[in-house]
Structures are given as C-alpha cells and as structure tokens.
Amino acid sequence: MGFRKDFLWGGATAANQCEGGANEGNRGVANVDLMPLGEDRYLVGTGKMKMYDFDDQHFYPALTAVDFYHHYKEDIALFAEMGFQALRISIDWSRIYPQGDDEYPNQEGLDFYHCVIDELLKYHIEPVVTISHYETPLHLVQKYGSWRNRKMIDFFMNYCQTIFKRYKDKVKYWMTFNEINNTINFLPDDASDEAYQEAYQHLHYQFVASARAVQIGHEIDPENKIGCMICGITYYPLTSDPEDILFNRSKWEKGIFYCGDVQCKGKYPTFTKRLWKEHNVQLDITEQDLEELKKGTVDMYTFSYYMSQAVTTHKNDDTVSGNMSFGVRNPYLEYSDWGWALDPKGLRYYLEMIYDRYEKPLMVVENGLGAYDKIEEDGQVKDDYRIDYMKQHIIEMKKAVDEDGVDLMGYTSWGCIDLVSAGTGEMKKRYGFIYVDKDNEGNGTLKRYKKDSFEWYKQVIASNGEKL
Ligand code: BGP
C-alpha cells in the first residue's frame, strides 16, 4: 500500500523564523520581533517580562533571520531540486496589516507573498499557509491586550478575508493558528487560577476566530482545505500508579484534546467543565459563539510532532522540558542535544489515536531534529543523525497508514532550511536540509549549503517514501 499517490512531501517554515526584512515593505512591528536571544526570551514569550521596544542589550533574531525575504527565489529553487510538492509558510499578519486594526491592507506585503506563492507554483509546489504562526502586530498587543480581547476576532477576520481573496485559486491548504494548544501547554502545572482564566479565554476567542475563518474561507473558495494546527505531544505515565494514569489523562485532555475537540467536533468536550472548575474559570462565551464553533469545524487535523513526554505525580528531580511541555526523563528513550525525547513510535501512537478520535485527514506539518551541525571546510555537512531521525519517523508513519488505515495527507518536515529556533532564538539549533551560514549573534554570509540529508530527502520524495 504505502502513502497515497497525492501525498504531499515537503518542508515547513514560519515567517518570523526565516524571513527577516523586518523593516522592509511597509511592514509593522510584530510581537515576535521583540523576542530576544538568550534567557529573557522565555520571560518575554510567557509575558513575565514586558518588552515593547528594542534595546541595545539584546539581540533580536527575527529582524533579520535567514533573510528569506531576499533569498526566497534561491531557496525555493533548492526546495524544488529536492522535489518538494508542498512548502508550509506563514503569512506575517504585520506585513498585511501593519497595525492590525488598519482600514486598508498594505499593498507591498500582499505583493511579497504573491511573489513567493507564484514562485512556488512555478515549480508545482503547493503552498500550505499558516495564517498565524505566533505573529501578531504589536499594536494589537499594546492597544487591545491581544487575544484577551474579543475585538481581536474582528481584526483577524479582516486579515483572513483579505488573504483568502487575494490568494484565491493559488492557495488551497490553510491552517488557522499554529500550535494553538500551547497557550495551555505553556502553563506550569501550578499556574494560578488567573493564568488559567486568561489562557482559556484567549483560546475561546481564537476558537471562534478560527471557526469563522473556516466558514469565510469556504465561502470564498469551496476548494479550500482549512485545518487546525496542534502541538502534538504523546504523553506517557511514568509509572502504573493510578494517580499517574489520571495525571497523564489530564495532560492529554488539557494539552491535546481540548483544542482538537473544539476545532474538529465543533463543541467543547465533556471534560471541559471539570477543567474549568479546577481553576474557577468563568468565560465570556455567547450562544452565537457556540453556533459559530459548530459551523466552522476544520477540514483536516494538522500537527507538529517532535517527541513524547513522560509525566508523573511522584517526586522526581530528573525533569526534562521539550517542545512547549514539561515532564520527566523516560528511561527507555534517548534525548536530543536540546533534551527532547527521541520517540518515533510516539508518532505512530499519536497518529492512530487522533485519527480514531476525529476521522479527519491528518497532516504532519512539523517534524525534525534540532541538532548542532558542523560544516566542513569543503562545505559538506554530514548530518546522518538527522537522516536517521526522519527515517525512523517516516517508517512509523507508514505503519500507521498501512496497518491502521490512518488517512495521512502529507509530511512537511520542520525547518527545511536552517532558521531561527522558536524556543531559544538560536541559529545553532539547526533542522534544515540546507545549511545557512549564520551564527547565533547574527554573523555570517547567509550562503546556503546542501547537507547530506538533502540528497537523502530527494530520494524519499521521488520514491513516495519507499526508499529510506
Ligand atoms: C514548534 C514551532 C516551530 C518550531 C518548532 C521547533 O513549536 O511551531 O515554530 O520552532 O517548534 O522548535 P524550536 O525552534 O524551539 O526548536
């Protein structure tokens, strides 16, 4: 059997992590521009430190990133050489509406993505577009408090309508909010009731915005396939203590199913009441909102998968953090240079569990290994560890398809070209098939080099995942 004939193989990026060109094309300032490299990044990201202006003490990697803004033709040509059938990009809201609440869109921003999309289509590469990948115009954060405010739904709708219309007949695959569930995942287990209140309210407004976007997207073009995008983590209980089993279940409910259920089934799941009660949460939800959720269920479930996470209620100091999640070391697994569990079987488990729950087509829109790469004097990068990581994950994907009948539409590996790390702001945490000469502090020629994984991935695509 194997993967479907129209399986989409490709790679994934996000504007704030690869574009740069922050001050070009009339773009506004985005919240992520102010996420510095270094220790303060986490504090700014979690809102514990307010940073509304640039200062000399910090380096802000998103401003220049790997300059896809000026290199997109060269980069897309390299993706085409690998045989990409899809490229996941995000549209940066602040290029289209620099302030977020502007009356008219910014023509230069619209034109930029038009050129990028046309360049992809020239090589028959399907653009897969994330509408919001952690990028929000800063003005919306400062003036309205971002997603704490219901008004955000209207600003977002305006933005969606503009891009759905402008890229009609060119873009068919969309996803609304990248890793929407991270608003909850990011909270430590002992977060305050106020923090939960804020997070659940923020999510509710995003659910409504997403559901309305799905409806508008279908009205503008019935061919559109619009997905949710979930940070996929396979949670395991560390022990068989029933307390651990229940704790693990709450991780799945809170971290994975809560968002997926609302976006795929169009209603809050039954366990919601318990989750809200645990933290005395009272939300602003109208009857109209609930109607919108019902009408705006997604066409596909897209997700990122890097790792699994073991959790326990027992005292355990061997803690590990991974992609926006916290847990303890799993003695059966190896860990990456950044301490993320390497667990291909966890991907199969996730695929089967989710497909069984929603019966919607799935797409893996992020997967990959962030590692230290060494470039040799002759420009070679021998990244066999990356090849091995991806190979093992693709093998498990294939089992999920062949043995369990999961309907999998595609695979876009994360950071197909080296880009800025979302979690740490580093450049040295590299994921790409293409090496970019740039270091953490922003030095380098920006020259692109093919890694060993480049040729490997080319054969994977050419054989539709048979030659690994
Ligand atoms: C996901 C994000 C991506 C990407 C990836 C890898 O959470 O959607 O934007 O960055 O994780 O994470 P990191 O860059 O922290 O290694």
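Read the numbers this way: they start at 1 and go in the same order the structure lists the ligands and their atoms.
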Parallel under 30°, tilted from 30 to 60°, perpendicular over 60°: which one fits the rings of [X] and [Y]?
| X | Y | result |
| --- | --- | --- |
| Y306 | Y431 | perpendicular |
| F156 | W147 | perpendicular |
| Y350 | Y305 | tilted |
| Y349 | W252 | tilted |

Next on the checklist: Test of understanding: given a 4.0 Å heavy-atom threshold, classify the contact between V420 and ligand 1 as side chain, backbone, both, or neither.
Outcome noted: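 Near ligand 1, V420 shows nothing, with every heavy atom at 4.0 Å or more.
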
Within 45° cone and under 6.0 Å: [X] NZ/CZ vs [Y] ring:
| X | Y | answer |
| --- | --- | --- |
| R430 | Y372 | no |
| R357 | F257 | yes |
| R95 | F112 | yes |

As an exercise, identify every atom of ligand 1 less than 4.0 angstrom from a heavy atom of [X].
| X | result |
| --- | --- |
| G423 | 13 (P), 14 (O), 15 (O) |
| Y134 | 7 (O), 8 (O) |
| A422 | 9 (O), 10 (O), 13 (P), 14 (O), 15 (O) |
| N178 | 8 (O) |
| Q17 | 3 (C), 4 (C), 9 (O), 10 (O) |
| K429 | 13 (P), 15 (O), 16 (O) |
| Y431 | 6 (C), 12 (O), 13 (P), 16 (O) |
| S421 | 13 (P), 14 (O), 15 (O), 16 (O) |

Checklist entry - What is the nearest protein non-hydrogen atom to atom 2 (C) of ligand 1, stated with its residue, atom name and distance? => result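 That would be E366 OE1, 3.4 Å.
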
Checklist entry - Quick one: nearest non-hydrogen protein atom to atom 7 (O) of ligand 1, plus distance? => result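 Protein heavy atom with the smallest distance to atom 7 (O) of ligand 1: E179 OE1, 2.4 Å.
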
Checklist entry - Among W338, W340, W414, Y306, whose heavy atom sits nearest atom 12 (O) of ligand 1? => result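 Shortest heavy-atom distance from atom 12 (O) of ligand 1: W340.
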
Next on the checklist: So, regarding T424 and ligand 1 (criterion: nitrogen or oxygen to nitrogen or oxygen, under 3.5 Å), is there a contact or not?
Outcome noted: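 Between T424 and ligand 1 (N or O atoms, distance only) the closest approach is not under 3.5 Å.
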
Next on the checklist: I'd like to know if the side chain of H139 pairs up with that of Y97 as donor and acceptor (distance under 3.5 Å, no hydrogens or angles considered).
Outcome noted: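 No, Y97 and H139 have no side-chain donor paired with an acceptor closer than 3.5 Å.
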
Checklist entry - Going by atom types alone, do E135 and S94 pair a side-chain donor with an acceptor below 3.5 Å? => result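 No, no side-chain donor-acceptor pair sits under 3.5 Å.
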
